[in-house]
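Naming: A, B, ... by sequence-line order, numbering from 1 per chain.
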2 protein chains.
Amino acid sequence: MTPEPTAPVRMTRQRRALDAILETTDGFLSAQDLHVRLRSGGDRVALATVYSQLAKMAEAGEVDQIRTEAGEALYRRCRSEHHHHLRCRSCGLVEELDAPAVEAWAGEVARTSGWDEIAHSVEVTGICPSCQRG
Amino acid sequence: MTPEPTAPVRMTRQRRALDAILETTDGFLSAQDLHVRLRSGGDRVALATVYSQLAKMAEAGEVDQIRTEAGEALYRRCRSEHHHHLRCRSCGLVEELDAPAVEAWAGEVARTSGWDEIAHSVEVTGICPSCQRG
DNA sequence: CTTTTTGCAAATCTTTTGCACTCTA
DNA sequence: TAGAGTGCAAAAGATTTGCAAAAAG
């Protein structure tokens, strides 16, 4: 569908370090979060490099990208298949959700709308059990 | 549920001008778009004022707010009740969608997840018929 | 070697803020 | 007249970019 003049991907120390963190993290992290974690882990990587790598990974479909209400981008390694998120507006906790009903509905939209290359994402937010107490 | 220390709303020239544009516009507009339209229409309104008014309207639930992939906020007057959007990744065109299946599913998540104050939003994107030709 | 990737710092861009001043109610 | 709203210009933040130096293949 898309001819993509795919550029080679060079495995640099920085790229590996970033991969490692994404690999071992479940939730979503901002570029800045990732940068902090890299440094805390002893990896010296420029913030601009983090951004540039994330951009490539996102384009290659290797990471999911969502947006905070504040407009900040959050990333995480794509897990298995397609799914959605339940995010706590108070603490940021993210849980995965299965949404068969939504998938079916999206499929129908794709089929009947006359639009092409339909993609969908569902953001469900709320206050998680732990924050209801806190 | 939320006591809201509702502040009074004063109808200023600027507020009215902004209302007028939102009232007569179907699609989503960014704060900057709105600012440009105001000026083209001869209304001198500070960009900061546009942002400030939009923030109030959004908080009051008078406008819908969505986010561009680029992280830019887009607003428009709330139509009818709850609904979702089908946005063209190529030209930005936005259509409204009804999603009864999604509503039902969200309701169930709210009921069974243990989370509170659940809200959801669905972003469906694709290439609109007109862009498929262009 | 050739080309991608880095690292900085400077540059962009959207959105927010501080504050004195101007209006609405 | 009290206090919300306004207009600037400056401040914040996140993300991008320009470019020379470093490193991957």
Side-chain angles (χ1 to χ4, degrees), chain A residues 4-22 27-60 62-76 87 92, chain B residues 4-22 27-60 62-76 87 92:
Chain A
E4 305 284 339
T6 319
V9 175
R10 294 190 178 175
M11 279 312 284
T12 60
R13 170 180 63 74
Q14 295 84 339
R15 165 72 180 229
R16 263 189 300 275
L18 191 50
D19 271 340
I21 291 191
L22 289 168
F28 280 87
L29 296 171
S30 68
Q32 318 253 358
D33 290 337
L34 286 163
H35 184 228
V36 169
R37 293 213 181 185
L38 284 167
R39 303 187 79 90
S40 328
D43 290 297
R44 193 161 303 285
V45 179
L47 180 55
T49 299
V50 175
Y51 275 108
S52 130
Q53 285 298 346
L54 285 173
K56 285 170 194 161
M57 292 182 183
E59 174 157 15
E62 291 162 31
V63 294
D64 283 334
Q65 187 195 45
I66 62 179
R67 288 259 169 203
T68 289
E69 276 170 58
E72 192 186 31
L74 302 181
Y75 306 81
R76 92 171 162 178
R87 182 169 51 75
Chain B
E4 304 284 340
T6 319
V9 175
R10 298 193 175 172
M11 280 312 282
T12 61
R13 169 179 64 75
Q14 295 85 338
R15 166 73 181 228
R16 263 189 299 276
L18 191 50
D19 272 340
I21 292 191
L22 289 168
F28 281 87
L29 296 171
S30 68
Q32 319 252 357
D33 290 337
L34 285 164
H35 184 228
V36 169
R37 294 211 182 188
L38 283 168
R39 302 186 79 89
S40 326
D43 290 297
R44 194 162 302 286
V45 179
L47 180 55
T49 299
V50 175
Y51 275 108
S52 134
Q53 284 298 346
L54 285 173
K56 286 170 194 163
M57 294 181 182
E59 174 158 14
E62 291 163 31
V63 295
D64 284 335
Q65 186 194 45
I66 62 179
R67 288 260 168 204
T68 290
E69 277 169 58
E72 192 186 30
L74 302 181
Y75 306 82
R76 91 171 163 177
R87 183 170 50 77

Take atom [atom1] of [X] and atom [atom2] of [N], then tell me their distance rounded to the nearest Å.
X	N	atom1	atom2	result
Glu69(A)	dT14(C)	CD	P	21 Å
Glu72(B)	dT12(C)	CD	P	18 Å
Gln53(B)	dT15(C)	CD	P	16 Å
Arg13(B)	dG5(D)	CZ	C1'	11 Å
Phe28(A)	dA14(D)	CZ	C1'	18 Å

Look at the side-chain N and O atoms of [X] and state whether any lies under 4.0 Å from the OP1 or OP2 oxygen of [N].
X	N	answer
Lys56(B)	dG5(D)	yes
Gln14(B)	dG7(D)	yes
Tyr51(B)	dT16(C)	no

| query | What is the nucleic acid contact for Ala73(B), judged by heavy atoms within less than 4.0 Å: base, sugar-phosphate only, or nothing? | reply |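 The residue Ala73(B) makes sugar-phosphate contact but no base contact.
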| With sugar-phosphate meaning primed atoms plus P, OP1 and OP2, does Arg44(A) contact a base, only sugar-phosphate, or nothing at under 4.0 Å between heavy atoms? |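 Arg44(A): backbone/sugar contact only, no base atoms under 4.0 Å.
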| query | Less than 3.5 Å between a donor and an acceptor, one on the side chain of Arg15(B) and one on the base of dG5(D), is that the case here? | reply |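 Donor-acceptor pair under 3.5 Å: no.
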| query | Do Leu22(B) and Met57(B) have side-chain heavy atoms sitting under 4.5 Å apart? | reply |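 They are in side-chain contact.
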| Asp33(B) with Arg37(B): basic N within carboxylate O range, under 4.0 Å |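 Result for this pair is no, no salt bridge flagged.
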| said: Once side-chain contact (heavy atoms from CB on, under 4.5 Å) is applied, do any residues pair with Asp64(A), and if so which ones, sequence neighbours excluded? | reply: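 Checked Asp64(A) against side-chain contact (heavy atoms from CB on, under 4.5 Å); matches are Phe28(A), Arg76(A), Cys78(A), His83(A).
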What are the atom names and distances for every N/O pair under 3.5 Å that joins the protein to nucleotides 17-20 of chain D?
none

| Between the axis at one end of the helix from dC1(C)-dG25(D) to dA25(C)-dT1(D) and the axis at the other (five pairs apiece), what's the angle to 10 degrees? |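 About 40° separates the two local helix axes.
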